[in-house]
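Data first, discussion second: the structure below is written as structure tokens.
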Amino acid sequence: MCMASCGVNPFLKEWTGEGQFPPFSEIKVTDYLPAVKAGIDQQDAEVKAIIANGNDPTFANTVAAYENSGDILARTLGVLYNVSESDATDEIMAVLEEVTPLVTAHEDNIFMNHDFFLRVKAVYETSDSLDREEYMVAKKLYNNFIKNGIALDEAGQERFREINKRLALLSQKFGNNLLAENNAFKEAIGIPVSSYPVFMTTCEDRSRREAAFKAYSSRGNNGNENDNKAVLLEIMSLRTEKAKMLGYDCSADFILSDKMAGDHQTVDQFLDRIMRKAVAKAKEEIVDMQVFMDQDIQAGLLPAGSRIEPWDWWYYAEKVRKAQYALDEDVTKQYFQLDNVRNGVFKAAERLYGIHIDPAPGLPVYNPEVKVFKVTDSDGSLLSWFMTDYLPRSTKRGGAWMSNFREQYVDAQGNDVRPIVVNVCNFTQPGDSLGLLTIDEVETAFHEFGHALHGMLSKCRYKDVSGTNVARDFVETFSQINENWAFQPEILSTYAFHYDTGEVIPDSLVAKINNAAKFNQGFNTAELAAASILDMKWHELSSETEWDGFDVAAFEKSVCEEMGLIDEIIPRYRSTYFNHIFNSGYSAGYYSYLWAEVLDKDAFEYWQTKGLYNPKVASKFRKTFLERGGSEEPMTLYYEFRGAEPDPDALVRARGL
């Protein structure tokens, strides 16, 4: 990604180009490490100055001063972390291996500094003098000290440092191994991991589907150099040790202590109720699919006695969908060309929130496939810069996500620093380069842009609570609610054009898409809930667990049996490729997709009663949620918008369970 350049390290000077955009064309791989070291030195000096301040601790001279520290480090890591996820060359990953322990140690030095903690504690304990956003920032900073072992003795803190350093390296190793396994899957099966659902839906050769399923579901579990079993066991051993050091019975309760759910029992009860309904629905779906498999048996295509297996689900579910709803993915895809879908995502947001999104050609990017857009408000003021990176690469990890190259905040001079946001996806890349998307991929585009809106429309003063910096089990609310507009007829008419004729998607096909919205939800919900439960059960293990000789496969099997998962379905992510929980910050948090969906569906039902394009409701949603980030408690914001507590059955109704 780097071109040779001379002169000052680009991370060590102000970025003066349009929007203070990262000068990607100037950045060399060799710039990262010295910039990180310089950034650490800068922030160390800034923290020392906060501690040395002779005045009594105040929000301004302690908490706000810390919020405004670390410019160089934030600038450097904002680029490095994003590029390492989406363009992970060997050179970039080698840099990350050097940088990770340095940054981990630096963070430990800050949050184990007793003198700094005493100043923060003094501010937090005088919270009645703070406004609400200041209180939330002070509370978050105070809790960071508590969760990082500030109360431990010297020996305890030293062990805590060792654990944090090792965990950072292990998480990185888990991700690196998975990337290698994904590339091995592509080499063995002939398709990228991102194309797996489409392949499993369309491939008529059952033996090829079986081979693909087994290769996909065994990633990280092949006994080779990329095997993740030992990695994840060490991660869990260290996480449970950390939790015990801080007085928790398991790592789940340690992690959940500052989330909406609060403890693992609450999450377990929530997931169990959904799982039972999902499995019951999935059993009905199997009966429908077996009818079509029996037809293939009668036609001599399959041996007598064949039953639905995990590698058959997508294939026969598609047959059921065609029969029950006359909905054919091969037909719908012709109206969902990638560039048009992106335009539709933009049009929906423009209509709802009064913003404008325009191409911004000429700005530097980290990869030629990246597109840049300028997002402005109705009055023409800048809201954000936005990048899309939609296609799979061998150097990009699987999945889809939103991230920031720069957070929104107000700097020490009072300037509103606007964010730089990116959506990264792995949409199917067809050989003909038409870029035709499945219905699920269209929903993904809307989902990730919901996160992007949360980051782009932020109007907070402090980084720690701006944009998507909210509780993990709250953040998915805003991505998921944005999905609800993907297939609204008024929005479809702005982007769903036939790739060849340019014809707008016909009303009859729109009706079929929406009528089939609840189709196959037993499977979809069960695999999602199963992964969520598997995540929780890993993190409910206590520090007394005997890790030597721990059998990952046997544990996973027993968890699936206990939750009542049927043999025809596996968790959406099995342990050895569960990147969300072992490398991406969703540990004991994967349930948050379902948890947030309760809020999303309840809010959407309310929105529907007021009119889907009601400007007052859209404005209220923007001002209550999208602008305020984590500057208030989640349920306070929700009640402010909705005027009532969320109805837990909203998810069940929406999924048809």
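Heavy atoms only: backbone and side chains are in, while hydrogens, waters and symmetry mates are out.
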*Under 4.5 Å between any side-chain heavy atoms of Leu178 and Arg397, yes or no?*
no
*asked:* If the condition is ring pair (Phe, Tyr, Trp, His ring centres under 6.0 Å), which residues does Tyr462 pass it with, not counting sequence neighbours?
replied: Phe59
*Check the pair Ile355 / Leu453 against side-chain contact (heavy atoms from CB on, under 4.5 Å), numbers first and verdict last.*
CA-CA 10 Å; Ile355 62 178; Leu453 286 168; 4.0 Å; yes
*Check the pair Glu97 / Asn176 against side-chain contact (heavy atoms from CB on, under 4.5 Å), numbers first and verdict last.*
CA-CA 11 Å; Glu97 288 184 11; Asn176 291 349; 4.2 Å; yes
*Out of curiosity, Ile51 CD1 to Glu46 CD, how far, rounded to the nearest 0.5 Å?*
12.5 Å
*asked:* On a heavy-atom basis, which atom in Ala603 and which in Ile481 lie closest, and how many Å separate them?
replied: CB-CD1, 3.9 Å
*Without swapping roles, check the side chain of Arg119 against the backbone of Asn53 for a donor-acceptor pair under 3.5 Å.*
yes
*Could you state the interatomic distance from CD1 (Ile150) to CG (Asn113), rounded to the nearest 0.5 Å?*
7.0 Å
*Is there side-chain contact between Val422 and Tyr366, with heavy atoms separated by less than 4.5 Å?*
yes
_Show, in sequence, the C-alpha distance, side-chain angles and deciding distance for Trp547 and Met236, and conclude whether the side-chain contact (heavy atoms from CB on, under 4.5 Å) test is met._
CA-CA 9 Å; Trp547 298 104; Met236 289 313 310; 3.6 Å; yes
_salt bridge (Lys or Arg N to Asp or Glu O under 4.0 Å) between Glu540 and Lys537, worked out_ = CA-CA 5 Å; Glu540 288 169 15; Lys537 294 308 176 185; 3.2 Å; yes
_Under a 3.5 Å distance rule, please check whether Arg406 uses its side chain to pair with a backbone N or O of Arg418 as donor and acceptor._
yes
_Minimal non-hydrogen separation, Phe11 against Ala35, with atom names_ = CB-CB, 3.5 Å
*How about Tyr353 and Asp377: do any of their side-chain heavy atoms sit closer than 4.5 Å?*
no
*Does a side chain donor of either Ser237 or Glu234 reach within less than 3.5 Å of an acceptor in the other side chain?*
no
*Answer with yes or no after comparing the ring centroid distance for Phe386 and Phe449 against a 6.0 Å cut-off, counting only values under it.*
yes
_Where Ile72 and Ala38 come nearest, the two heavy atoms and their spacing_ = CG2-C, 4.5 Å
*Starting at CD1 of Ile581, measure out to CG of Leu232 and round the result to the nearest 0.5 Å.*
8.0 Å
_Output field: ring centroids Phe24/Phe405 closer than 6.0 Å_ = yes
*Have Asn579 and Ser584 got a donor and an acceptor in their side chains that come within less than 3.5 Å?*
yes
_Using a 3.5 Å distance criterion without hydrogens, assess whether the side chain of Asp464 forms a donor-acceptor pair with backbone atoms of Asn469._
no
*Between Tyr248 and Phe254, what is the ring plane arrangement, given parallel below 30°, perpendicular above 60°, and tilted in between?*
tilted
*Should Lys140 and Glu67 count as an ion pair when the cut-off is N to O under 4.0 Å?*
no
_Atom NZ of residue position Lys37 - does it have more than 12 heavy atoms of other residues, nucleotides or ligands inside 6.0 Å?_
no
*asked:* For Ser251 versus Arg239, what's the shortest heavy-atom pair and its separation?
replied: CB-O, 3.7 Å
*Is a side-chain N or O of Glu448 found less than 3.5 angstrom from the main chain of Val424, in a donor-acceptor match?*
no
*pair Met136-Glu133: side-chain heavy atoms closer than 4.5 Å*: no
*Is there side-chain contact between His451 and Glu476, with at least one heavy-atom pair below 4.5 Å?*
yes
*Determine yes or no for a side-chain-to-main-chain donor-acceptor pair under 3.5 angstrom, with Asp263 supplying the side chain and Thr266 the backbone.*
yes
_Run the salt bridge (Lys or Arg N to Asp or Glu O under 4.0 Å) test on Lys139 and Glu633 for me, step by step, so that the C-alpha distance in whole Å, both residues' side-chain angles and the decisive distance to 0.1 Å come before the verdict._
CA-CA 11 Å; Lys139 175 186 176 183; Glu633 297 290 353; 2.7 Å; yes
*With distance as the sole test, does Asn415 use its side chain to make a donor-acceptor pair with the main-chain N or O of Val417 at under 3.5 Å?*
no
*Describe, in one word, how the ring planes of Phe21 and Trp385 are oriented to each other, choosing from parallel (under 30°), tilted (30 to 60°) and perpendicular (over 60°).*
perpendicular
*Short side-chain to backbone donor-acceptor contact, Asn404 and Gly455, under 3.5 Å*: no
*May I ask you to say whether Glu125 pairs ionically with Lys121, meaning some side-chain N is under 4.0 Å from a carboxylate O?*
yes
*Rounded to the nearest 0.5 Å, how far does CG of Leu233 lie from CG of Leu238?*
11.0 Å
*If you measure only the distance, is there a donor-acceptor pair under 3.5 Å linking the side chains of Asp258 and Asn143?*
no
*Assess the pair Phe578 and Tyr586: is the distance between their ring centroids shorter than 6.0 Å?*
no
*Any sub-3.5 Å donor-acceptor pair from Ser171's side-chain atoms to Phe582's backbone N or O?*
yes
_Over 12 non-hydrogen atoms of neighbours within 6.0 angstrom of NZ in Lys173_ = no
_Check: Lys620 side chain, Phe641 main-chain N or O, donor-acceptor pair, under 3.5 Å_ = yes
*asked:* Just checking Tyr593 against Tyr590, ring centres under 6.0 Å apart?
replied: yes
*Report yes if the side chains of Asp31 and Pro10 come closer than 4.5 Å at any heavy-atom pair, otherwise no.*
yes
*Which word best sums up how the rings of Phe625 and Tyr638 line up, parallel for under 30°, tilted for 30 to 60°, or perpendicular for over 60°?*
tilted
*Given His106, Lys48, Glu107, the one that forms side-chain contact (heavy atoms from CB on, under 4.5 Å) with Gln43*: His106
*Would you confirm whether Thr545, through its side chain, and Ser542, through its main-chain N or O, come within 3.5 Å as a donor-acceptor pair?*
yes
*Between His539 and Asp535, is any pair of side-chain heavy atoms under 4.5 Å apart?*
yes
*Residues in side-chain hydrogen bond (donor to acceptor under 3.5 Å, both in side chains) with Lys244, at least two apart?*
Glu544
*Any side-chain donor-acceptor pair under 3.5 Å between Gln408 and Asp416?*
yes
*Which residue pairs pass the side chain to side chain donor-acceptor pair (under 3.5 Å) test with at least one member in residues 74-84, sequence neighbours excluded?*
Asn82-Ser403
*Considering only heavy atoms from C-beta outward, does the side chain of Tyr591 approach that of Leu256 to under 4.5 Å?*
yes
*Are there more than 12 heavy atoms of other residues, nucleotides or ligands under 6.0 Å from atom CG of Asn68?*
yes
*Hey, what do you get for OH (Tyr66) to CD1 (Ile110), rounding to the nearest 0.5 Å?*
4.0 Å
*Step by step, work out the side-chain contact (heavy atoms from CB on, under 4.5 Å) result for Asn367 and Lys396.*
CA-CA 11 Å; Asn367 187 284; Lys396 182 192 287 188; over 6 Å; no
*Is a salt bridge present between Lys13 and Glu26, judged by a nitrogen-to-oxygen distance below 4.0 Å?*
yes
*asked:* If you apply the rule side-chain hydrogen bond (donor to acceptor under 3.5 Å, both in side chains), what do you find for Asp87 with Thr395, and how did you get there?
replied: CA-CA 5 Å; Asp87 221 3; Thr395 54; 2.9 Å; yes
